[in-house]
Amino acid sequence: SCHPGGTRREGPEPALSPGGKRPGGSEPTQRAERKRRRGPKPGLGSHEGKRLGGPAAPAPSPGRKRPGSSEPASGPGGKRPSSSEPATSPVGKQPSISNPTQTPKSDVAAEGGALGLLRRLARLEDSRRRAAELFGWLLAPVSPQEFAERHWERAPLLVRRAQPGYYAGLFSTAELDAALRSGRVHFGTHLDVTSYAEGVRETHNPAGPALPPVVWDFYQNGCSLRLLCPQAFSNTVWQFLSILQEHFGSMAGANTYLTPPGTQGFAPHYDDIEAFVLQLEGKKRWRVYGPRTEAEVLPQFSSANLTQAELGEPVLEVVLEAGDLLYFPRGFIHQGDCLPDAHSLHITVSSFQRNSWGDLLEKLLPAALQMALEEDVEYRQGLPMDYLGYMGVAHSDVVDARRTAFVEKVQRLIQKLVSYAPIDAAVDQRAKSFLHDCLPPALTQSEKALSVYGFPARWQDGGPRDVDIRLTKDTEVRLLRHGLVRLCNEEAGVMLYYTTENSRVYHKEEPKSLEIDPEYTDSIEFLLSSYPNHVSVDSLPCETLEDKISLATLLFEKGILTTKKPLIQV
């Protein structure tokens, strides 16, 4: 599954997660071809809720056959779990599953669906408001506050809307077909062909470009199609994720999943991302299971493929229809399968991969220890010469005053380490990584007209025209987006990291940065604190007007600054 940013980071075949391998490609081509022509046997629900950008799913483990597709879409005993009948998860927590009252049946499609929403958001000046309103729309009618208190990292959320057009314009099978016809989609890199039948999960990726006749033949023979980075092929998905990532402060990624009727594409598994499943077309049956042990609550990594026998009873079993939303936290096992009478297209939006306190401490503690070694002689003093004679597992049951003193010394040094922890610097390093993960901003027409991307330099009448970018002391400027840049103090100097030159494909580009003279840092901070208001170039706290214009011009050329009015009217 792909994750943040549309790189692979989802489920067990998570929508891409950093460092994750892509499934497929290693299977013998003859076997894959036979499988393609024969088609997989009908199996249980497919797991399509992988996170965008995650590692490929591990090799499937054998399991029992799943019940046939005629199985009713209901919970144990024929009842569908609801908030009034909470099931108890193996870790002793009751899942808080909301099935809110249906929203008023206003014609969301007539209001523009996702496209209409994005047009409305484009009119907002502050990118933070755009992100907050987009997230509120994603959850509606559940409020973000209720979601944070009852569901985030805690329990699944089901939103039934009875509004098939709610996500209209976000993505469609027609757009998938158009992407295939563009010739830019390649098996393994962008598209995975998968199946899950009789407890066996397989990937059937040939080598090379994903041409329509081959892809649709796979689909016709019962294989699921997972597009790993839809934002690379869809401007709407790109815009959607680039706004949403600012709300999370963590990469937002996505995968789309197209599943034929009566089939399942993925084995049950849990992911290392927070997953939001948006049902775009058709319908799909989902089974969600609570974490089986405390060790699986909010896991750092996705699971291997699981067998049906390992699952227990679901805490939620539901058929999602177009316009519905299903959220489940990382660590919740899930699988989805299509009913016999309809295909399914959904997009899984994911975030918060490796974004825990523990991940922060992984950067912070080594830095704190290095600082302590440099500044405090106690950390550089030698160990007792005889400590091997009374420390270690072989001596762990021995009562010895020397052991007690040794353990107390270690504990005191660890406690003292806190005073050396460069917390802000560690946070800046995480922010630097986040900016590398980010999608580049998808510009509105207004933003484009006021930025370097809309600057009218061109070839005309035998020569270049309108080439010079002329900022003056009175030119009013501001950051393009609030979360666009980050200042970091590094050994090489003060670096300004930014996202405007990132790729729409996860980590296709190296991190983008500018080395900033220390005397310019106050001006960067001034621009950050002034957002979303415009400020004159003359108000930048640089020593000279030349410095002010030079810094503003550099940031404008990198797409980081926009002007209040177009610099040149054409």
Side-chain angles (χ1 to χ4, degrees), residues 115 118-130 235-236 238-239 242-243 246 435 438-487 496-504 509 512-517 519-570:
L115 277 179
L118 293 173
R119 283 194 294 267
R120 294 191 293 275
L121 293 180
R123 295 195 286 268
L124 298 178
E125 287 295 313
D126 192 333
S127 62
R128 294 167 296 187
R129 278 194 60 200
R130 289 183 202 170
N235 288 339
T236 308
W238 171 27
Q239 186 178 1
S242 71
I243 295 172
E246 190 165 342
L435 262 62
C438 274
L439 285 166
L443 273 59
T444 66
Q445 288 301 315
S446 172
E447 288 170 337
K448 184 175 181 181
L450 300 171
S451 73
V452 69
Y453 300 105
F455 196 79
R458 63 201 180 281
W459 181 271
Q460 181 178 315
D461 299 330
R465 294 288 183 270
D466 296 330
V467 174
D468 295 333
I469 296 172
R470 294 191 178 94
L471 299 177
T472 71
K473 67 182 182 66
D474 298 319
T475 305
E476 293 182 275
V477 297
R478 73 166 199 176
L479 292 175
L480 172 66
R481 300 281 170 83
H482 181 265
L484 195 71
V485 297
R486 190 79 180 195
L487 279 171
L496 181 70
Y497 289 89
Y498 58 95
T499 66
T500 54
E501 295 175 5
N502 284 3
S503 169
R504 287 161 67 172
E509 300 286 339
K512 303 300 180 183
S513 64
L514 295 168
E515 186 173 359
I516 298 294
D517 290 339
E519 57 265 30
Y520 289 157
T521 57
D522 286 347
S523 294
I524 302 295
E525 292 169 357
F526 176 65
L527 289 165
L528 282 165
S529 63
S530 300
Y531 183 87
N533 298 318
H534 290 83
V535 297
S536 69
V537 170
D538 193 41
S539 67
L540 297 177
C542 298
E543 290 187 5
T544 67
L545 178 59
E546 182 182 1
D547 288 342
K548 296 174 183 183
I549 293 175
S550 175
L551 176 61
T553 302
L554 173 64
L555 298 179
F556 183 85
E557 289 176 345
K558 288 295 182 181
I560 295 169
L561 288 188
T562 60
T563 55
K564 191 171 185 178
K565 299 177 181 178
L567 291 178
I568 298 178
Q569 299 288 345
V570 179

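Excluded from the calculations below are hydrogen atoms, water molecules and symmetry mates; all remaining heavy atoms, backbone and side chain alike, are included. Model, not experiment: these values are computed from the prediction.
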Discussion item. Within this structure, what is the NZ-OG1 distance for the pair Lys512 and Thr499, rounded to the nearest 0.5 Å?
Written reply: 12.0 Å
Discussion item. Applying side-chain contact (heavy atoms from CB on, under 4.5 Å) to Leu561 and Leu527, what does each step give before you reach the verdict?
Written reply: CA-CA 9 Å; Leu561 288 188; Leu527 289 165; 4.0 Å; yes
Discussion item. Quick one, Thr472 with Val537, criterion side-chain contact (heavy atoms from CB on, under 4.5 Å). Give me CA distance, side-chain angles, the key distance, then yes/no.
Written reply: CA-CA 7 Å; Thr472 71; Val537 170; over 6 Å; no
Discussion item. Within the 4.5 Å heavy-atom criterion, are Leu496 and Ser513 side-chain neighbours or not?
Written reply: no
Fill in: Beyond-backbone contact of Asp466 with Leu567, side-chain heavy atoms, under 4.5 angstrom
no
Worksheet item: Is there a side-chain contact between Asn533 and Arg478, using heavy atoms and a 4.5 Å cut-off?
Response: no
Discussion item. Going by side chain to side chain donor-acceptor pair (under 3.5 Å), name the residues that satisfy it together with Arg123, two or more places apart in sequence or in a different chain.
Written reply: none
Practice prompt. Apply side-chain contact (heavy atoms from CB on, under 4.5 Å) to Glu543 and list each qualifying residue two or more places apart in sequence or on a separate chain.
Written response: Asp547
Practice prompt. Check Ser242 against Ala442 and note the closest heavy-atom contact, atom names and distance.
Written response: OG-N, 3.6 Å
Response to the item:
For Asp468 and Arg470, the nearest pair of non-hydrogen atoms, with its separation, is OD2-NH2, 3.1 Å
Item to complete: To the nearest 0.5 Å, tell me how far Gln239 CD sits from Arg119 CZ.
Response: 10.0 Å
Discussion item. Checking side-chain polar atoms at under 3.5 Å, does Ser550 have a donor or acceptor matched by the opposite partner on Thr553?
Written reply: no
Discussion item. Test of understanding: with salt bridge (Lys or Arg N to Asp or Glu O under 4.0 Å), list the residues that count as partners of Glu501, not counting sequence neighbours.
Written reply: Lys558
Practice prompt. Using a 4.5 Å cut-off on heavy atoms from C-beta on, say whether the side chain of Leu528 contacts that of Leu479.
Written response: yes
Fill in: Those residues that, when tested against Glu525, pass salt bridge (Lys or Arg N to Asp or Glu O under 4.0 Å) (two or more places apart)
none
Worksheet item: Is a donor on one side and an acceptor on the other found under 3.5 Å between the side chain of Arg128 and the backbone of Asp126?
Response: no
Discussion item. Using 0.5 Å steps for rounding, measure from the CG atom of Leu443 to the CG atom of Asn235.
Written reply: 11.5 Å
Worksheet item: Got a sec, which residues hit side-chain contact (heavy atoms from CB on, under 4.5 Å) with Glu519, two or more places apart in sequence or on another chain?
Response: Asp517
Response to the item:
Interatomic distance, CD1@Ile469 vs OG1@Thr563, rounded to 0.5 Å, equals 10.0 Å
Practice prompt. Could you please spell out the steps behind the side-chain contact (heavy atoms from CB on, under 4.5 Å) verdict for Glu246 and Leu484?
Written response: CA-CA 9 Å; Glu246 190 165 342; Leu484 195 71; over 6 Å; no
Fill in: Counterpart residues, side-chain contact (heavy atoms from CB on, under 4.5 Å), relative to Leu121 (two or more places apart)
Leu117, Leu118, Leu124, Arg130, Glu133, Leu134, Ile243
Worksheet entry | Which residues share a side-chain contact (heavy atoms from CB on, under 4.5 Å) with Asp538, sequence neighbours left out | Lys473, Ser536, Leu545, Lys548
Worksheet item: From Leu540 CG over to Ile549 CD1, what is the distance, rounded to the nearest 0.5 angstrom?
Response: 10.0 Å
Worksheet entry | Side-chain heavy-atom pair Glu447, Leu480 within 4.5 angstrom cut-off | yes
Practice prompt. Report the residues that fulfil ring-ring contact (aromatic ring centres under 6.0 Å, His included) with His482, sequence neighbours left out, ordered by chain and then residue number.
Written response: Tyr531
Item to complete: Show your reasoning for whether side-chain contact (heavy atoms from CB on, under 4.5 Å) applies to Leu555 and Ile524.
Response: CA-CA 10 Å; Leu555 298 179; Ile524 302 295; 3.8 Å; yes
Worksheet item: If you measure from CD on Glu476 to NE2 on His534, what distance do you get to the nearest 0.5 Å?
Response: 7.0 Å
Discussion item. Applying salt bridge (Lys or Arg N to Asp or Glu O under 4.0 Å), can you list everything that pairs with Asp474, at least two apart in sequence or on another chain?
Written reply: none
Item to complete: State whether the side chain of Asn502 and the backbone N or O of Leu435 hold a donor-acceptor pair below 3.5 Å, judged by distance alone.
Response: yes
Worksheet entry | Pair listing, ring-ring contact (aromatic ring centres under 6.0 Å, His included) test, anchored in residues 546-566, at least two apart | none
Response to the item:
Quick note, ring-ring contact (aromatic ring centres under 6.0 Å, His included) partners involving residues 450-481, not counting sequence neighbours, are none
Worksheet item: Is the number of heavy atoms from other residues, nucleotides or ligands within 6.0 Å of CD (Gln460) greater than 12?
Response: yes
Worksheet entry | Shortest non-hydrogen separation from Pro440 to Trp238 and the atoms involved | O-NE1, 2.8 Å
Worksheet item: Residues two or more places apart in sequence or in another chain: which of them pass salt bridge (Lys or Arg N to Asp or Glu O under 4.0 Å) with Lys448?
Response: none
